[in-house]
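This report refers to the structure that appears directly beneath it.
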Amino acid sequence: MGDFLQLLTGSINPYYLQIIVNIGIGIILALGLNVITGLTGQLSLGHAAFMSIGAFTSALLTIKLGMPFFANLALTGFITAGVAALIGLPILRLTGDYLAICTLGFAEIVKVVFLNLEITNKALGLTVPSAITAVPMPIVVWLVVVVSIICVTFIHSSRFGRALMAVRGDEIAAEAMGINVTLYKVQSFAIGAFLAGVGGGLYAHFMGYINPSDFGFLKSVDILSMIVLGGLGSITGSVIGASILSAAPEFLRFMASYRMLVYGGLLVCMMIFRPNGLMGGLNFTSLVLRTLGRKPHMKTVMDQKTAKTSES
Amino acid sequence: MAILELKNVTIRFGGLVAVNDVNLTVEKGTIQALIGPNGAGKSTLFNLITGIYQPTSGSIHFKERSVNGTPTYKIAAAGIGRTFQNIRLFTDLTVLDNILIGAHSRGRWNLAGALMKFTPWVRKEEGKLLNLAKECLQMVDLSYRAFELSGNLPYGEQRRLEIARALALQPDLLLLDEPAAGMNPQEKAELMAMVQRIRATGITVFLVEHDMKFVMGISDRIAVLDYGEKIAEGSPEEIRRNPKVIEAYLGKGAADAHA
Ligand SMILES: Nc1ncnc2c1ncn2[C@@H]1O[C@H](COP(=O)(O)OP(=O)(O)O)[C@@H](O)[C@H]1O
Ligand SMILES: [Mg+2]
């Protein structure tokens with residue numbers, strides 16, 4: 001099985017393979033930020049910092065401890081989530097612009113720290129040995145993508161997810177409904193950071209080389225653009241947005257230095273024609289159900305009651 | 001027995017004393033009203049009870065327990081549900097989701113529950129919350145709206161939805177801040193019946209309302225607030241005849257003419 005997959009990925013042009021992996025990692029990062037910004041409504045401008053923490057943690061776990069890759073990824077996720085919870089506790093009391101500025105500052109601090117630490121090899125960056133895994137790396141990445149999508153989908157339609165959406169909608173009303181707003185914000189931050197950390201770990205091992213400058217402000221804006229393009233709060237949107245924006249720079253490469261211009265223009269058009277994002281207000285499941293002429297499950301549950309009241 | 005007790009409660013916003021040395025009790029199982037001119041401090045009093053504001057001095061007891069310093073979400077979970085004068089629904093969510101959020105403190109499963117969505121324990125709880133939500137929707141006659149975005153509901157229905165959302169908390173005490181505001185006479189009559197139904201289930205109701213017909217028709221007791229001070233308290237009959245109240249509402253001359 002492993003050999004077959006090895007052969008399969010080996011037969012793909014390495015350049016395309018890299019794009020495929022980039023898209024996968026982009027999706028993981030976008031899904032995480034979408035929990036923080038899309039689902040919970042907390043604007044974070046420093047998501048790349050969590051990716052950075054994850055990348056360096058994961059790299060060091062491999063280099064210094066030789067930890068098996070899956071344990072490494074899980075531990076990396078938890079460490080990154082822990083860091084997010086620690087910094088989230090004080091800064092998530094802020095709202096709106098203040099929070100955004102704080103996350104921005106945090107990301108810069110992380111970058112500067114890694115640029116100056118001996119253990120992360122300062123500005124030279126780290127060379128990361130490739131991971132020893134049963135299946136090839138691109139498949140690992142996409143397995144993580146699938147698991148992440150499933151987990152985030154579960155979160156969306158749960159009591160936990162509803163509490164996050166309540167925080168997004170109105171913090172005072174959420175508190176009045178018995179929701180500990182600060183606690184839920186911190187948890188949401190930690191979940192987003194967990195995914196970013198795992199994404200960073202995958203990135204480090206696939207690329208084989210990481211540098212603190214890879215995870216700067218532009219990277220954060222990149223991830224934010226993915227979820228805005230796809231539609232805040234939409235999982236399908238995050239996947240589509242991340243796919244487009246992870247692949248776009250490659251396809252626009254022939255325009256060399258103009259590609260950021262096109263990229264910007266694309267986003268402006270988006271804001272004009274679909275301000276809620278490509279998938280804004282839609283989700284994949286309900287879209288499919290609607291085209292099939294079927295009602296979502298919950299609706300049928302409620303229909304009996306509805307019929308009764310309209311009679312009376 | 002008093003379910004809610006305020007002792008010498010005062011709150012200052014800078015120089016403004018919004019609530020001044022108020023003593024007030026709400027008896028269990030009653031419908032109590034709080035009236036007073038605009039800016040009297042009624043909403044502020046509700047915000048004090050629910051921990052959104054902390055009193056500058058004085059104490060508030062709910063079910064004989066002090067709630068001073070208790071965060072809002074804990075007070076809610078302890079059994080105080082409320083609505084807001086300026087409706088605060090989660091407008092981008094469905095009616096049903098709004099109610100399910102109201103039922104938050106009746107569930108336990110958190111992040112772990114979300115990730116184990118299809119295990120019997122989590123499904124059982126979701127089913128329980130869904131049933132509770134249905135009951136609350138029926139209580140305010142909004143079942144037929146369950147899957148609409150709450151922001152798309154007409155004003156009167158939004159007010160009722162907010163009540164249903166507070167009921168999903170299964171509160172012992174329900175605070176309603178101007179529930180009839182913006183409703184037409186027929187909606188008001190329906191609302192009155194609704195509040196009485198709610199009380200009949202054992203929930204104590206404490207409401208702020210401007211519509212005198214509504215207040216007089218429904219309340220067991222009425223307290224009157226003016227410039228942050230409690231100027232009167234009693235049965236609807238007593239309040240109707242109280243000269244201080246007439247003065248606060250209609251001015252000094254009217255009170256004299258009445259006497
Ligand atoms: N957060 C606040 N900061 C400053 N002043 C406030 C605040 N909340 C209420 N007030 C003031 O307290 C007074 C009472 O307001 P309120 O309780 O809303 O009156 P009402 O009886 O009409 O509900 C008003 O003068 C209002 O401006
Ligand atoms: Mg008011």
Side-chain angles (χ1 to χ4, degrees), chain A residues 35 39 41 81 147 150-184 186-188 190-191 194 232-233 276 280-281 286 295-312, chain B residues 47 50-52 71-78 80-84 87-94 96-98 100-118 122 125-127 129-130 133-134 137-138 141-147 162 165-166 168-169 175:
Chain A
V35 171
L39 200 58
V147 172
I150 292 172
C151 288
V152 175
T153 308
F154 282 1
I155 287 174
H156 269 239
S157 58
S158 64
R159 169 177 177 270
F160 181 80
R162 285 193 300 268
L164 297 184
M165 289 187 271
V167 172
R168 174 184 71 193
D170 186 328
E171 292 189 16
I172 289 181
E175 284 263 338
M177 297 302 121
I179 292 165
N180 183 347
V181 168
T182 310
L183 179 69
Y184 276 90
V186 170
Q187 289 183 86
S188 142
I191 293 168
F194 185 99
L232 283 178
N276 292 326
S286 70
K295 290 170 178 170
H297 165 68
M298 289 275 270
K299 185 141 186 161
T300 41
V301 176
M302 295 297 293
D303 270 351
Q304 303 147 359
K305 295 276 180 193
T306 314
K308 250 186 241 161
T309 20
S310 44
E311 275 163 31
S312 62
Chain B
N47 286 338
T50 51
I52 292 173
T72 300
Y73 74 91
K74 279 191 185 160
I75 294 178
I80 302 186
R82 72 167 292 177
T83 65
F84 295 88
I87 306 174
R88 284 175 173 270
L89 287 170
F90 306 110
T91 48
D92 57 345
L93 302 180
T94 62
L96 182 62
D97 275 339
N98 268 271
L100 286 170
I101 289 170
H104 180 83
S105 49
R106 296 297 150 236
R108 311 220 138 272
W109 280 108
N110 259 323
L111 178 55
L115 299 179
M116 302 191 298
K117 190 172 152 66
F118 290 111
V122 180
E125 183 182 280
E126 274 297 296
L129 296 182
L130 196 60
K134 282 190 217 163
L137 276 177
Q138 280 183 313
D141 297 328
L142 279 179
S143 303
Y144 76 111
R145 293 283 202 192
F147 293 94
E162 231 197 354
R165 186 180 67 176
L169 220 90
L175 308 180

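Just so it is clear: chains get the letters A, B, ... in the order the sequence lines come, proteins before strands, and each one is counted from 1. Both backbone and side-chain heavy atoms feed into the values below; hydrogens, waters and symmetry mates do not.
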Does [X] reach the main-chain N or O of [Y] with its side chain, forming a donor-acceptor pair under 3.5 Å?
X	Y	value
B/Thr72	A/Ala176	no
B/Glu125	B/Trp109	yes
B/Gln138	B/Ser143	no
A/Asp170	A/Ile172	yes
B/Asn98	B/Thr94	yes

Handout entry: Option in A/Ala163, A/Ala166, A/Gly161, A/Ala174 with maximal non-hydrogen atom pairs under 4.5 Å from chain B
Key = A/Ala166

Practice task
Against chain B, work out which of A/Glu175, A/Arg159, A/Gln187 has the most heavy-atom pairs shorter than 4.5 Å and name it.
Solution key: A/Arg159

Using heavy-atom distances under 4.5 Å, tell me whether [X] contacts chain A through its side chain, its backbone, both, or neither.
X	value
B/Ile75	neither
B/Leu169	side chain
B/Asn110	both
B/Leu115	both
B/Arg165	both
B/Ile101	both

Problem - Audit row: A/Arg162, B/Leu129, side-chain contact (heavy atoms from CB on, under 4.5 Å) steps and yes/no - result: CA-CA 12 Å; A/Arg162 285 193 300 268; B/Leu129 296 182; 3.8 Å; yes

Handout entry: Pair A/Phe160 and A/Phe154, ring centroids less than 6.0 Å apart
Key = no

Handout entry: Top contributor to chain A contacts, counting heavy-atom pairs under 4.5 Å, from B/His104, B/Arg82, B/Lys74
Key = B/His104

Exercise for the section: Let me know if A/Ile191 has heavy atoms under 4.5 Å from chain B in its side chain, its backbone, both or neither. Expected result: side chain

Practice task
Name the region of A/Ser157, side chain, backbone, both or neither, that has any atom closer than 4.5 Å to a heavy atom of chain B.
Solution key: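 Both backbone and side chain.
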
Exercise for the section: Could you tell me which non-hydrogen atom of B/Val122 sits nearest to which non-hydrogen atom of B/Gly113, and how far apart they are? Expected result: CG1-O, 3.5 Å

